[in-house]
Amino acid sequence: MSTLSLSMRDSATMLRRNIRHMQRYPSLTIMLIGQPIVFLLLFVYVFGGTLGNGLGGGGGRAEYVGYVTPAILLVTVCSAALGTAISVATDMTEGIIARFRTMAISKASVLTGHVVGALIQTAFALAVVFGVTLLIGFSPTAGVGEWFAVAGLLLLLTIALTWLSVALGLAAKSVETASNTPMIFMLLPFLGSGFVPTDSMPAWLRWFADYQPFTPVIETLRGLLLGTPIGSSGWLAIGWCVLLSVVGYVWSKSLFAKERDR
């Protein structure tokens with residue numbers, strides 16, 4: 001077999017390993033799905049009436065569910081990324097990597113298994129959370145092309161945050177640290193246009209909200225789902241996703257190479 005074939009075989013083995021971990025320990029997956037659903041229900045049913053009236057259309061809660069859905073989808077991706085950091089840190093601290101070093105397997109397959117497993121877990125979480133948004137009244141107006149664009153952007157975002165989370169998991173000294181460091185991802189949607197328009201914020205916070213990476217992603221998703229103009233947000237969103245993917249990938253490979261060579 002060629003080197004590529006062996007690497008693909010080993011990556012498939014590591015993917016099956018990660019999927020079995022998800023099946024044996026479903027509590028983590030349930031937590032990762034439950035968190036964005038709790039945020040969704042909290043903001044729609046507790047704050048949605050007031051916040052929806054403040055959007056300008058006077059639609060109250062019904063209008064707000066459409067406004068907040070893109071942010072909840074982004075929170076879902078961030079939540080799944082947190083689980084990836086925990087899984088990677090668990091492998092690094094429990095000695096399994098040392099055992100893998102003694103085996104004739106592709107070293108890159110370990111990271112590949114985590115990344116592809118995270119993509120599958122995130123896709124499942126997004127489907128469940130989006131289903132809940134539909135149940136509580138979200139009515140997207142996207143056409144076929146817009147749906148493909150939404151799926152593509154969410155895929156790019158998932159890849160970017162997954163690689164960053166892999167790097168954070170590799171860099172963490174303990175599982176507890178790995179569960180805390182990716183929390184910055186969870187905060188950024190709240191410090192952007194995810195839950196309220198940025199023009200309602202103080203000037204100093206509005207500057208940060210307008211130029212942080214998640215705001216163009218949220219605005220693009222919102223425009224695609226609701227049929228509103230996205231302007232330059234689409235290209236900015238793609239650019240940020242590609243940049244974060246490259247940073248996360250290079251950082252992860254560097255950290256894993258150092259660990260492998262110990």
Q) Would Ile30 and Val77 show up in the same hydrophobic cluster when neighbours are defined by side-chain heavy atoms closer than 4.5 Å? A) no
Q.
Is there a path of hydrophobic side-chain contacts, each under 4.5 Å between heavy atoms of I/L/V/M/F/W/Y residues, joining Phe43 to Val132?
A. yes
Q. Are side-chain heavy atoms of Phe138 and Phe130 found at a separation under 4.5 Å?
A. yes
Q) Do side-chain atoms of Ser245 reach the backbone of Cys241 as a donor and acceptor pair under 3.5 angstrom? A) yes
Q: Could you walk me through whether Phe39 and Val68 pass side-chain contact (heavy atoms from CB on, under 4.5 Å), step by step?
A: CA-CA 10 Å; Phe39 282 139; Val68 80; over 6 Å; no
Q: Measure the shortest side-chain to side-chain distance between Thr122 and Thr76 over non-hydrogen atoms and say whether it is less than 4.5 angstrom.
A: no
Give the table of side-chain donor-acceptor pairs shorter than 3.5 Å for residues 148-170, with sequence neighbours excluded, one pair per line with atom names and distance.
{"from": "Thr158", "atom 1": "OG1", "to": "Leu154", "atom 2": "O", "distance (Å)": "2.7"}
{"from": "Thr162", "atom 1": "OG1", "to": "Thr158", "atom 2": "O", "distance (Å)": "2.6"}
{"from": "Ser165", "atom 1": "OG", "to": "Ala81", "atom 2": "O", "distance (Å)": "3.1"}
{"from": "Ser165", "atom 1": "OG", "to": "Leu161", "atom 2": "O", "distance (Å)": "2.8"}

**Q.** Where Gly143 and Glu146 come nearest, the two heavy atoms and their spacing
**A.** N-OE1, 3.0 Å
Q | Approximate separation, where rounding is to 0.5 Å, of Ile37 CD1 and Leu32 CG | A | 11.5 Å
Q) Minimum heavy-atom separation for Gln35 to Ser79, with atom names? A) OE1-OG, 3.6 Å
Q: Search all heavy atoms of Val75 against all heavy atoms of Pro36 and return the closest pair with its distance.
A: CG1-CB, 4.1 Å
Q: Kindly compute the distance separating CD1 (Ile238) from CG (Leu243), expressed to the nearest 0.5 Å.
A: 13.5 Å
Q. Can you tell me how far CZ of Phe214 sits from CG of Leu244, rounded to the nearest 0.5 angstrom?
A. 7.5 Å
Q: Check Val65 against Thr133 and note the closest heavy-atom contact, atom names and distance.
A: CG2-O, 4.5 Å
**Q.** Working for side-chain contact (heavy atoms from CB on, under 4.5 Å), residues Leu225 and Leu73
**A.** CA-CA 12 Å; Leu225 289 171; Leu73 295 177; 4.3 Å; yes
Please list, one pair per line, the donor and acceptor atoms closer than 3.5 Å that link side chains of residues 182-209 to other protein atoms, with sequence neighbours excluded.
{"from": "Ser193", "atom 1": "OG", "to": "Glu219", "atom 2": "OE2", "distance (Å)": "2.7"}
{"from": "Thr198", "atom 1": "OG1", "to": "Asp210", "atom 2": "OD1", "distance (Å)": "2.9"}
{"from": "Ser200", "atom 1": "OG", "to": "Pro197", "atom 2": "O", "distance (Å)": "2.7"}

Q: Could you tell me the separation between the OH atom of Tyr45 and the CZ atom of Arg61, rounded to the nearest 0.5 Å?
A: 7.5 Å
Q: Could you grab the distance from atom CG of Leu226 to atom CG of Leu221, nearest 0.5 Å is fine?
A: 10.0 Å
(Q) If you compare all heavy atoms of Trp147 against all heavy atoms of Pro140, which two are closest, and at what distance to 0.1 Å? (A) CZ2-CG, 3.7 Å
Q.
Starting from Val247, can I reach Leu236 by hopping between I/L/V/M/F/W/Y residues whose side chains sit under 4.5 Å apart?
A. no
Q. Do Ile218 and Ser233 come within less than 4.5 Å of each other through their side chains, counting heavy atoms only?
A. no
